[in-house]
Asks: 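Got a structure for you, written out below as structure tokens; questions coming shortly.
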Amino acid sequence: MYERKRLFLRMGDEVTHLRYPEWGVGVVVEEMRSEQPGGICFVRVDFEDGMQRTFNNDIDSEWCGYYFGLRRQ
């Protein structure tokens, strides 16, 4: 049995980053989750500046994108 993650973002969610407003609005285009205990939990976000960025998506992790300034619209 694998450890269930509490997810911050889902596919299609629109986001902005508090520290980088120049990135514009982003859309979650991919979710990645490991079924192994302690495994990864990431999302990929396409931003208006043309860049794709990857963030930790486990809200219980201190490395979650939320704690670094990522916010759902």
Side-chain angles (χ1 to χ4, degrees):
M1 185 165 146
Y2 70 94
E3 171 186 349
R4 301 226 1 122
K5 305 281 188 192
R6 286 187 12 181
L7 303 180
F8 169 47
L9 298 170
R10 305 257 184 227
M11 287 284 293
D13 282 353
E14 292 186 347
V15 299
T16 56
H17 200 289
L18 298 177
R19 295 185 191 130
Y20 302 101
E22 65 272 16
W23 291 356
V25 175
V27 176
V28 176
V29 295
E30 185 179 357
E31 290 181 58
M32 298 166 279
R33 279 180 284 187
S34 172
E35 294 188 8
Q36 299 297 322
I40 64 168
C41 183
F42 293 110
V43 289
R44 286 216 173 110
V45 180
D46 281 344
F47 284 92
E48 291 176 328
D49 70 352
M51 299 296 293
Q52 186 176 82
R53 296 176 175 91
T54 304
F55 299 92
N56 186 304
N57 195 37
D58 179 3
I59 197 71
D60 291 330
S61 169
E62 65 185 43
W63 298 104
C64 182
Y66 176 83
Y67 303 117
F68 288 93
L70 199 62
R71 294 295 184 269
R72 191 176 12 231
Q73 290 281 86

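Heads up: numbering here begins at 1 and tracks the sequence.
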Asks: Rounded to the nearest 0.5 Å, what separates atom CG in Asn57 from atom CZ in Arg6?
Replies: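 If I round to the nearest 0.5 Å, the distance is 11.5 Å.
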
Asks: Please report the C-alpha distance between Arg71 and Leu18 in whole Å, then the side-chain angles of each, then the deciding distance to 0.1 Å, and finally whether the side chain to side chain contact (heavy atoms under 4.5 Å, CB included) criterion is met.
Replies: CA-CA 7 Å; Arg71 294 295 184 269; Leu18 298 177; 3.8 Å; yes

Asks: Do Phe8 and Phe47 belong to the same hydrophobic cluster, where Ile, Leu, Val, Met, Phe, Trp and Tyr are linked whenever their side-chain heavy atoms lie under 4.5 Å apart, directly or via other members?
Replies: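 Both belong to a single hydrophobic cluster.
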
Asks: Distance check, rounded to the nearest 0.5 Å: Glu35 atom CD versus Ile40 atom CD1?
Replies: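 Glu35 CD to Ile40 CD1: 11.5 Å, rounded to 0.5 Å.
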
Asks: Under the ring pair (Phe, Tyr, Trp, His ring centres under 6.0 Å) rule, collect the residues that match up with Tyr20, sequence neighbours excluded.
Replies: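 Scan of Tyr20 (ring pair (Phe, Tyr, Trp, His ring centres under 6.0 Å), adjacent residues dropped) gives His17, Trp23.
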
Asks: First locate atom CZ of Phe68, then atom CH2 of Trp63, and finally report the distance between them rounded to the nearest 0.5 Å.
Replies: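 These two atoms lie 5.0 Å from each other.
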
Asks: Main chain of Asp58, side chain of Tyr66: is a donor-acceptor contact present, judged purely on distance under 3.5 Å?
Replies: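 Not at all, since once roles are kept as given, no pair shorter than 3.5 Å links the two residues.
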
Asks: Quick one: list whatever passes side-chain contact (heavy atoms from CB on, under 4.5 Å) with Asp13, sequence neighbours left out.
Replies: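 For Asp13 the side-chain contact (heavy atoms from CB on, under 4.5 Å) partners, ignoring immediate neighbours, are Leu9, Arg10, Val28, Arg72.
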
Asks: Using every non-hydrogen atom in the two residues, find where Glu48 and Gly24 come nearest and quote the distance to one decimal.
Replies: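 Taking Glu48 first and Gly24 second, the nearest heavy atoms are OE1-CA, 3.3 Å.
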
Asks: Look at the side-chain heavy atoms of Ile, Leu, Val, Met, Phe, Trp and Tyr, link any pair under 4.5 Å apart, and say whether Val25 and Val45 land in one connected group.
Replies: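 Unlinked, Val25 and Val45 end up in two clusters.
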
Asks: Which residues satisfy the salt bridge (Lys or Arg N to Asp or Glu O under 4.0 Å) test with Glu30, sequence neighbours excluded?
Replies: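 With neighbours one apart ignored, the set is Arg44.
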
Asks: Quick check on the hydrophobic clustering: are Leu70 and Ile59 connected, directly or via other members, by side-chain heavy-atom contacts under 4.5 Å?
Replies: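 Yes, one cluster joins them.
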
